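Along the sequence shown, residues carry numbers from 1. All values derive from a computational prediction rather than experimental measurement. We count ligands from 1, going down the list as the structure has it; atoms in each ligand are counted the same way.
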Amino acid sequence: MIPVTKPFLPAEKEFKSYIKSIWQRQWLTNNGPLVNTLELKLKEYLGINHLLFVSNGTVALQLAIKALNLSGEIITTPFSFVATTSSIVWQGCKPVFVDIDPESFNIDPYKIEDAITPKTTAILATHVYGNPCAIDTIQQIADKYNLKVIYDAAHCFGTRYKNRSIFEYGDISTTSFHSTKLFHTIEGGAVFTKDPDLLKKMALMRNFGYSGVDTFSEQGINAKNCEFHAAMGLCNLNHVNDILKMRKYLSEQYLNRLVNMDVKFQKIENNEDYNYAYFPILFKNESLMHQAKANLELAQIYSRRYFYPSLAKLPYVENVEMPVCELVASRILCLPLYHTLTVSDLDMICRLLLRGQNFEKNKAPEIRCTNKLEPLQSISRIRSKIVKVNGSH
Ligand SMILES: Cc1ncc(COP(=O)(O)O)c(C=O)c1O
């Protein structure tokens with residue numbers, strides 16, 4: 001069986017050494033030493049000054065909206081994980097959807113201004129699959145209309161933009177360290193801001209609003225994380241460079257093999273600093289996607305419709321048509337991608353996809369010899385070719 005993803009697990013021995021230290025200290029949660037060490041090491045690794053480790057990526061979004069005191073309407077993307085929209089609604093605000101760009105799959109910055117009303121207070125956009133949004137354009141719009149910007153950077157560990165961690169952008173960025181993410185703490189997440197006052201406010205909010213033993217200076221929630229999750233993060237941080245390298249290598253292998261397949265790939269703007277968090281392919285129509293998914297499942301290979309459905313169709317929001325998002329959400333499939341995926345398994349996945357496509361076209365199956373690895377092509381060269389070949393659907 002080949003799952004769509006597998007969590008990275010460090011050697012048991014490595015994790016146990018941290019667990020032993022927890023037993024010795026008997027300090028399980030409430031701002032313990034491992035949580036503090038993880039925060040320091042993450043800052044060092046990411047090259048940033050401010051972050052807070054929290055219980056998950058959903059609470060991170062809720063904290064961000066609350067800390068910025070947002071109300072009214074928040075402009076957002078319909079192509080994201082459900083938590084992006086549900087957090088807005090949870091905080092008593094109204095999500096106003098703006099359709100996505102068909103190449104990057106991120107919110108279309110040129111459609112944002114039309115959605116702004118006197119009630120708009122912020123833009124909450126997702127860097128989809130780790131691919132940076134049009135950050136500069138979004139910031140210009142936010143400055144012009146005096147709006148706050150939150151980035152849901154749940155997929156972005158390791159992505160950099162203009163030589164800085166992607167987490168540095170926006171008034172607040174949030175991320176998820178869930179087990180499915182390339183860097184994880186089992187459950188977990190973080191909030192990032194360059195504003196020290198905002199950071200302080202979120203630090204208080206994360207811990208019930210406690211500002212002293214018996215004093216509460218903010219309305220708070222329990223968004224803390226614990227020593228066990230921090231221990232997993234500290235172990236995984238030692239391996240994250242290898243994980244990133246492996247995902248890049250596997251993504252290049254996919255691209256080399258699928259470059260002539262009649263599908264479209266996400267356009268990555270700055271791929272030198274991209275993290276290869278997912279490997280999505282966009283089919284020409286929904287039925288081809290279903291067929292490919294079913295063919296893979298016959299061989300016990302599991303891909304995922306991610307993201308599906310469009311968030312503008314959720315039962316608790318005002319439903320609106322988002323044509324580009326609906327087209328992408330209905331045809332997209334994320335292929336298996338994880339650090340231990342073998343090239344022979346990847347070969348098999350690609351052969352099945354190509355064979356399915358050729359079967360569709362009533363052609364004899366074209367199976368490429370894949371025992372020998374082909375020389376790596378530069379991922380940017382391949383991607384520009386893909387955009388040319390498949391640019392129109
Ligand atoms: C884009 C996006 N936002 C938010 C979340 C929520 O993160 P968590 O599962 O840590 O609550 C996820 C998790 O998959 C996600 O992919």
Please say whether S176 places an N or O atom under 3.5 Å from an N or O atom belonging to ligand 1. yes
Please write down residue, atom name and distance for the protein heavy atom closest to atom 3 (N) of ligand 1. D152 OD2, 2.6 Å
Compute the centroid of each ring, for Y210 and then for F216, and state whether the two points are separated by less than 6.0 Å. yes
Counting from 1, what ligand 1 atoms have a heavy atom of N56 closer than 4.0 Å? 10 (O), 11 (O)
Judged by non-hydrogen atoms, does G189 sit under 4.0 Å from ligand 1? no
Give a yes/no on ligand 1: does S87 have at least one heavy atom closer than 4.0 angstrom to it? no
With nothing but distance in play, are any N or O atoms of Y278 less than 3.5 Å from an N or O of ligand 1? no
With ring centroids as reference points, do H50 and F192 lie under 6.0 angstrom apart? no
So Y129 and F79, would you call those rings parallel, tilted or perpendicular, with 30° and 60° as cut-offs? perpendicular
How about F81 and F307: are their ring centres within less than 6.0 Å of each other? no
For G188, take its heavy atoms, then give the atoms of ligand 1 lying under 4.0 Å from any of them. 10 (O)
Can you tell me the protein heavy atom closest to atom 5 (C) of ligand 1 and the distance? F81 CD2, 3.6 Å
So L353 and I281, side chain to side chain contact (heavy atoms under 4.5 Å, CB included) or not? Walk me through it. CA-CA 11 Å; L353 287 168; I281 54 176; 4.1 Å; yes
Salt bridge K162-D136, side-chain N to carboxylate O under 4.0 Å: yes
Against heavy atoms of S80, which atoms of ligand 1 measure under 4.0 Å? 1 (C)
Considering only residues two or more places apart or on different chains, which pairs with a residue in residues 193-213 satisfy salt bridge (Lys or Arg N to Asp or Glu O under 4.0 Å)? E39-R206
Would Y306 count as a contact of ligand 1 if the rule is a heavy atom under 4.0 Å away? yes
Is there a heavy atom of E187 sitting under 4.0 angstrom from any atom of ligand 1? no
List the steps, then state whether salt bridge (charged side-chain N to carboxylate O under 4.0 Å, His left out) holds for E286 with R305. CA-CA 11 Å; E286 192 170 356; R305 301 186 78 186; 3.2 Å; yes
